[in-house]
There are 2 protein chains.
Amino acid sequence: MQQLFLSVDAQRRDSWREAFPDLNVGFLESHLPPTALIWALPPAGTSPETVVSPLRARAPESLLILLSDEPDEDEALAALAAGAAGYCNGHAAPTVLQQAATVVENGGMWIGQALMKRLLSTTTSLLKQRPATNEVWRDTLTAREQDVALAVARGASNKEIARQFNITERTVKFHVSALLEKLGARDRLQLSLIINGVPRLT
Amino acid sequence: MQQLFLSVDAQRRDSWREAFPDLNVGFLESHLPPTALIWALPPAGTSPETVVSPLRARAPESLLILLSDEPDEDEALAALAAGAAGYCNGHAAPTVLQQAATVVENGGMWIGQALMKRLLSTTTSLLKQRPATNEVWRDTLTAREQDVALAVARGASNKEIARQFNITERTVKFHVSALLEKLGARDRLQLSLIINGVPRLT
DNA sequence: TTTCCTACTGTACCGAAGTACGGTAGGCGA
DNA sequence: TCGCCTACCGTACTTCGGTACAGTAGGAAA
């Protein structure tokens with residue numbers, strides 16, 4: 001597959017031309033072939049979307065690998081989410097670049113070992129917190145108790161809850177007491193922590 | 001690179017042998033060559049870790065692609081996190097499997113287009129929520145106030161906080177009052193919502 | 001040296017939260 | 001019909017949270 005290297009930095013283009021003699025190089029604004037593997041090295045600080053989206057619009061059939069001199073997780077995510085097929089350190093060794101090309105040409109995505117590791121770990125840790133947020137607490141509660149629980153969880157006072165549901169403050173207290181008992185909370189604050197899925201340390 | 005297909009399902013092994021005549025097939029318990037590309041199709045419902053970890057322990061140099069008849073995001077994440085190089089639908093077309101092999105052999109990771117898309121979207125959406133949790137509230141607070149704020153946020157009573165920091169309950173109240181004033185909260189529950197980054201509706 | 005900020009403490013007070021007793025009324029299955 | 005659950009309400013009480021109005025002590029900057 002034809003490969004094309006794009007950058008605004010003339011010096012970088014020269015060094016790439018040297019490293020990959022059979023590579024086409026050009027500006028980010030160059031004419032694009034309909035089908036190619038495009039390497040793009042935008043200036044540092046450019047957000048990936050502003051580079052990836054126009055390129056994909058101009059050459060929808062092409063594969064795009066975004067290069068970065070200071071690769072980081074967020075940028076990689078943004079690039080791939082915008083439609084890039086790969087994200088790679090601009091100073092990577094030629095063999096690594098070859099591998100990236102192979103992977104991408106075969107329909108894979110390339111973000112490098114280190115970044116993939118970090119991406120995986122953050123995602124799994126984020127997902128681990130999510131299920132805790134899950135609404136297990138609803139299981140043993142009646143409909144009314146769930147109403148009151150949600151109100152307490154967002155910080156409402158008994159008086160406010162009473163007004164909201166058109167019942168007396170006394171009845172609110174009744175429900176709150178039941179909630180504390182059922183969910184094993186000491187007071188409404190711990191109740192709100194449970195409802196909101198905030199991890200407990202105690 | 002030598003490829004090896006592992007499963008406990010005899011029928012599946014036969015169909016694979018048919019589709020890939022030059023492929024070695026075996027049980028999950030088979031002897032493993034030191035260096036190979038291993039395809040493993042564990043029985044449905046098996047957690048990826050229990051398959052991946054032992055395999056990687058027995059053949060650390062090998063590349064492992066986990067197959068699943070009912071692929072889903074969580075399982076893919078678990079598999080890759082455990083050290084698999086790929087995760088793929090067990091019913092995927094031979095060409096797709098070939099691509100996966102190419103990608104993995106070149107040091108890439110393979111989880112398929114659809115799964116990658118979903119993984120990216122969930123990760124970005126999760127990361128988008130994170131910054132809201134960001135600790136803006138620390139800005140205007142003194143060191144002691146931050147201590148007390150964190151304690152309040154996890155549900156500690158004034159008495160407990162006093163014990164924790166070796167100060168009187170009175171002083172805790174002093175700090176809490178300052179916190180409520182500075183962060184614009186009505187009571188300690190709303191304070192905890194702010195600290196914990198729970199979105200406010202009021 | 002004066003001034004300001006931070007950290008800390010004391011007494012007194014009020015209101016909210018939560019508990020402990022009680023009670024009524026309706027629905028639902030045995 | 002009898003229990004059981006749910007939702008609701010009342011009074012009295014204790015505890016906790018929070019405020020008001022005080023004060024002391026140390027450090028840092030003017």
Side-chain angles (χ1 to χ4, degrees), chain A residues 133-202, chain B residues 133-202:
Chain A
T133 316
N134 247 343
E135 313 201 320
V136 201
W137 53 271
R138 287 187 184 268
D139 290 359
T140 57
L141 304 185
T142 69
R144 200 46 143 185
E145 285 170 346
Q146 293 182 29
D147 295 339
V148 175
L150 284 175
V152 170
R154 50 155 239 268
S157 69
N158 289 341
K159 197 171 293 188
E160 288 168 339
I161 299 173
R163 266 201 299 275
Q164 179 181 347
F165 297 118
N166 239 334
I167 55 180
T168 63
E169 201 178 333
R170 175 64 195 86
T171 305
V172 176
K173 286 187 176 185
F174 172 81
H175 289 306
V176 170
S177 291
L179 287 168
L180 298 180
E181 170 72 20
K182 283 187 178 180
L183 298 181
R186 189 177 56 190
D187 50 38
R188 62 202 297 114
L189 205 160
Q190 294 195 344
L191 185 61
S192 104
L193 295 181
I194 294 173
I195 305 291
N196 288 317
V198 177
R200 210 53 140 316
L201 309 178
T202 326
Chain B
T133 316
N134 246 344
E135 312 199 322
V136 202
W137 54 271
R138 287 186 183 268
D139 291 358
T140 57
L141 305 185
T142 68
R144 200 47 143 186
E145 285 169 345
Q146 293 181 30
D147 294 339
V148 175
L150 284 176
V152 170
R154 50 157 237 269
S157 70
N158 289 340
K159 197 172 293 186
E160 286 169 340
I161 299 173
R163 266 201 299 273
Q164 179 180 348
F165 297 119
N166 238 336
I167 55 181
T168 63
E169 200 179 335
R170 175 63 192 87
T171 305
V172 176
K173 288 186 176 186
F174 172 82
H175 289 308
V176 170
S177 291
L179 286 168
L180 298 181
E181 169 73 22
K182 283 187 177 179
L183 298 180
R186 189 177 56 188
D187 50 37
R188 63 202 295 114
L189 204 161
Q190 295 195 345
L191 184 62
S192 102
L193 294 181
I194 295 173
I195 306 291
N196 288 317
V198 178
R200 246 285 225 353
L201 308 179
T202 323

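Protein chains get the first letters and strands the later ones, always in sequence-line order, with residue 1 at the start of each.
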I want to verify a distance call: between dA7(D), dA17(C), dG10(C), whose nearest atom is closest to the R188(A) side chain? dA17(C)
Take the protein atom CG of N166(B) and the nucleotide atom P of dA7(C), then report the distance between them rounded to whole Å. 16 Å
Grab the NZ-P distance between K159(A) and dG18(C) for me, whole Å please. 15 Å
Please determine, for the side chain of F174(B), which listed nucleotide (dA20(C), dT9(C), dG18(D)) has the closest atom? dT9(C)
Give the nucleotide from the list dA7(C), dC8(D), dG10(C) with an atom nearest to the side chain of H175(B). dA7(C)
Rounded to whole Å, CD of E169(B) lies from C1' of dC16(D) at a distance of 8 Å
Would you please confirm or rule out a distance under 4.0 Å between OP1 or OP2 of dA7(C) and any side-chain N or O of T171(B)? no
Nearest-neighbour nucleotide for the N158(A) side chain, dA17(C), dG10(D), dC21(D) considered: dA17(C)
Which of dG17(D), dT19(C), dT11(D) is nearest the side chain of K173(A)? It is dT19(C)
What is the separation between atom CD on E145(B) and atom C1' on dC5(C), rounded to the nearest whole Å? 11 Å
Atom CG of L189(B) and atom C1' of dG18(D) are separated, to the nearest Å, by 14 Å
Testing dT6(D), dC8(C), dT19(C) for proximity to the side chain of L180(A), the answer is dT19(C)
Whole-Å distance, D187(B) CG to dG15(C) P, equals 16 Å
If you only use heavy atoms from C-beta on, which nucleotide in dC8(C), dT6(C), dT6(D) is closest to the side chain of T142(A)? dT6(D)
Value rounded to 0.5 Å, distance of CG in N166(A) from OG1 in T171(A): 11.0 Å
To the nearest 0.5 Å, tell me how far E169(B) CD sits from I167(B) CD1. 10.5 Å
Show the nearest heavy-atom pair for residues I161(B) and A151(B), with the distance to one decimal. CG1-CB, 3.7 Å
Does a side-chain N or O from R144(A) land closer than 4.0 Å to OP1 or OP2 of dC8(D), or not? yes
Residue pair A178(A)/A143(B) against DNA chain C: nearer the 5' end by closest nucleotide is A143(B)
Identify whether any heavy atom of S177(B) sits under 4.0 Å from a base atom; if not, whether one sits that close to sugar-phosphate; answer base, sugar-phosphate or nothing. base
Separation of R170(A) atom CZ from dT24(C) atom P, in whole Å? 15 Å
Rounded to the Å, how far apart are L141(B) CG and dT6(C) P? 11 Å
Rounded at 0.5 Å granularity, tell me how far CG in L193(A) sits from CG in L183(A). 12.0 Å
Checking Q190(A) side chain against R186(A) main chain: does a donor-acceptor pair fall under 3.5 Å? yes
